[in-house]
Amino acid sequence: MPRQTSRDLRNESRFEVLHALFTLGPSTRQEIARHTGLSTATVATLVTQFLSEGVLRIATVEQNTVGRPYERLTIDPDRGRILGIDVAETYVDATVYDVLLQPLGQSQVPLDEHQNGQEYVVDGIVRAIDAAVADGSTEREQIIGAGVSMPGQVRPDAGVSVFAPNWDWHDVTIEALLAERLGLPVYVDNPLKAVALSELWFGVGRTTKSMAVVNLGTGVGAGIVIDRALLRGEANNAGEWGHTLLQLDGRACRCGRRGCVEAYLGVCGLQTTLAEIDPEHPALREAQQRGFVDAVADGLARDDEALVELARRTSHYLAASLGDLVNLLNISHITLTGWTTSALSGWLIPAVRAELPDHVLPGSLPDLTVEASQVPGNPVALGMAAFSLEQFLRTLGLASKATLPTSARRLRVT
């Protein structure tokens with residue numbers, strides 16, 4: 001691991017101050033110092049920089065009964081606008097946020113899961129951004145960056161989609177493609193890292209230090225936080241829990257291996273399980289994955305016998321797979337997210353909680369919590385917006401329009 005430089009430490013301190021204000025709301029310099037553990041001198045210096053860059057503003061000036069008045073500081077939501085984009089195999093969800101990471105406009109564009117061309121996907125991203133910008137009545141010159149989550153293996157340091165198995169993408173320079181198309185600074189990452197960051201900033205990460213955020217959808221995976229640090233691994237592939245082994249020599253997985261967790265818990269895995277239970281079930285006639293999951297949820301509400309058995313088997317697979325994750329990492333909190341979770345959590349989570357003691361070592365059970373994420377909105381888009389905000393802070397704060405290159409002053413949607 002490379003040694004941290006003084007610049008790295010300054011950036012970490014900036015993030016700590018910002019995180020404190022997201023958590024505490026308007027705060028004094030002394031309250032920020034207590035919350036972060038930074039010295040009051042360091043906080044004072046960083047606050048001065050943030051104020052000069054327009055990232056913070058003075059919310060109120062309050063008077064003690066004795067002594068000098070003191071200032072409460074807050075993030076200035078109007079310093080700029082940030083795009084958070086969640087690109088999945090079946091949709092693009094784009095949200096416009098202010099610097100306080102409050103949503104201002106949103107749009108979702110469906111993608112045909114059977115199309116995989118780069119131009120088709122990029123066009124879908126652009127259309128979703130265009131509609132979100134219009135929905136939020138956002139002036140395009142206000143937009144200061146875009147965070148884009150891409151499915152599969154992503155190298156943020158190179159801006160490359162290394163491997164997206166559902167699209168058969170290999171080493172696609174997606175960041176450069178989007179930056180050229182949008183005329184904006186673009187940051188790309190994996191959705192597992194995005195959901196982990198949003199949970200860390202705005203969910204259970206405010207009260208727990210170690211957790212796994214498990215995403216269930218077309219693919220499955222886990223964003224992992226250990227001691228409040230996002231776990232990335234050497235090639236940004238930490239958390240590919242969906243491609244760990246559930247069944248030796250089991251079902252074929254789209255990654256090319258057999259028996260992966262995803263082959264049982266991804267949507268295609270659910271379809272395979274239902275076909276084993278009832279090959280003629282009407283839900284299997286749904287052409288799109290979301291339609292299938294919605295049909296499963298509707299049928300469970302009617303106690304459809306085949307779908308109840310599907311939920312039973314799926315919760316069994318999920319409990320066993322989560323048990324391995326807990327035994328490996330000794331995490332205290334598992335949060336489930338993703339659109340399959342949104343539709344089926346009422347059936348899956350209670351069954352998983354009941355079965356987990358059969359799969360988890362006794363010493364890890366007493367503090368273990370499993371629940372659906374409470375992060376509002378789209379946690380992937382929110383996490384990508386937070387990543388994009390961090391990128392601006394790394395460049396000595398949010399660049400003003402006067403210092404941005406001409407190509408980055410306007411969102412060029414073509």
Side-chain angles (χ1 to χ4, degrees), residues 88-91 112-114 116 151-152 164-168 214-222 240-327 334 336-360 370 372:
E89 291 89 342
T90 58
Y91 66 87
D112 185 337
E113 62 198 71
H114 305 294
N116 60 5
N166 205 51
W167 293 335
D168 196 28
V214 171
N215 188 63
L216 301 178
T218 299
V220 303
E240 290 294 342
W241 163 78
H243 298 290
T244 59
L245 188 66
L246 178 61
Q247 176 64 55
L248 184 64
D249 300 325
R251 296 175 184 171
C253 181
R254 59 182 179 159
C255 74
R257 300 169 66 241
R258 301 192 72 87
C260 292
V261 169
E262 184 174 294
Y264 295 83
L265 295 178
V267 176
C268 289
L270 270 63
Q271 291 170 323
T272 300
T273 301
L274 181 57
E276 293 171 352
I277 298 166
D278 180 359
E280 303 302 322
H281 197 282
L284 293 171
R285 294 197 287 269
E286 293 288 342
Q288 301 295 324
Q289 292 184 12
R290 287 214 167 193
F292 169 77
V293 172
D294 289 342
V296 170
D298 290 343
L300 285 171
R302 300 192 305 272
D303 292 324
D304 180 294
E305 184 177 344
L307 296 178
V308 169
E309 176 62 14
L310 170 64
R312 188 195 68 78
R313 293 190 192 183
T314 301
S315 62
H316 176 58
Y317 299 146
L318 182 55
S321 303
L322 293 179
D324 287 345
L325 196 60
V326 173
N327 291 336
I334 296 174
L336 301 182
T337 189
W339 49 274
T340 299
T341 299
S342 298
L344 304 180
S345 62
W347 291 273
L348 295 181
I349 290 180
V352 166
R353 287 172 178 162
E355 188 176 337
L356 264 177
D358 295 336
H359 303 285
V360 175
V370 180

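Bear in mind that the values here come from a model prediction, so they are computed numbers and not experimental data. In what follows, every heavy atom counts, from backbone to side chain, and hydrogens, waters and symmetry copies are set aside.
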Practice prompt. For E262 and V220, indicate whether the former's side chain and the latter's backbone hold a donor-acceptor pair under 3.5 Å.
Written response: yes

Practice prompt. Using a cut-off of 6.0 Å, state whether more than 12 heavy atoms not belonging to E276 lie near its atom CD.
Written response: yes

Discussion item. Apply side-chain contact (heavy atoms from CB on, under 4.5 Å) to residues E113 and V267 and explain how you reach the verdict.
Written reply: CA-CA 12 Å; E113 62 198 71; V267 176; over 6 Å; no

Discussion item. So which atom in S321 and which in L246 form the shortest heavy-atom distance, rounded to 0.1 Å?
Written reply: OG-CD1, 3.5 Å

Practice prompt. To the nearest 0.5 Å, tell me how far R312 CZ sits from H316 NE2.
Written response: 7.5 Å

Discussion item. For C255 versus H243, what's the shortest heavy-atom pair and its separation?
Written reply: SG-ND1, 3.5 Å

Worksheet item: Heavy-atom distance under 4.5 Å between the side chains of I334 and V352, does that happen here?
Response: no

Worksheet entry | Nearest-0.5 Å distance, OG1 of residue T314 to CG of residue L216 | 10.0 Å

Worksheet item: Considering only heavy atoms from C-beta outward, does the side chain of L318 approach that of L336 to under 4.5 Å?
Response: yes

Fill in: For the student: nearest non-hydrogen atoms of A222 and L325, plus distance
CB-CD2, 4.1 Å

Item to complete: Answer yes or no: is there a donor N or O on one side and an acceptor on the other, between the side chain of R258 and the main chain of G250, under 3.5 Å?
Response: yes

Worksheet item: Are any non-hydrogen side-chain atoms of V261 and D324 less than 4.5 angstrom apart?
Response: no

Worksheet entry | Minimum heavy-atom distance between A354 and P357, given as atom pair plus value | O-CD, 3.5 Å

Worksheet item: Can you tell me how far OG of S315 sits from CG of L356, rounded to the nearest 0.5 angstrom?
Response: 10.5 Å

Worksheet item: What pair of heavy atoms forms the shortest contact from T341 to A372, and how long is it?
Response: CG2-CB, 4.5 Å

Worksheet item: Are the side chain of W241 and the backbone N or O of V214 linked by a donor-acceptor pair below 3.5 Å?
Response: no

Worksheet item: Quick one: OG1 on T340 to CZ on F292, what's the gap to the nearest 0.5 Å?
Response: 9.5 Å

Item to complete: List the steps, then state whether side-chain contact (heavy atoms from CB on, under 4.5 Å) holds for R251 with T272.
Response: CA-CA 9 Å; R251 296 175 184 171; T272 300; 3.6 Å; yes

Worksheet entry | Interatomic spacing from CG in L274 to CZ in R313 - rounded to 0.5 Å | 9.5 Å

Worksheet item: Where do N116 and W167 come nearest, in terms of heavy atoms and distance?
Response: ND2-O, 2.9 Å

Discussion item. Distance alone, cut at 3.5 Å: any donor-acceptor contact between the side chains of Q289 and T90?
Written reply: no

Discussion item. I need the E89 CD to D112 CG distance, nearest 0.5 Å.
Written reply: 12.5 Å

Worksheet entry | Option passing side-chain contact (heavy atoms from CB on, under 4.5 Å) with H281 (candidates V296, L307, L310) | L307

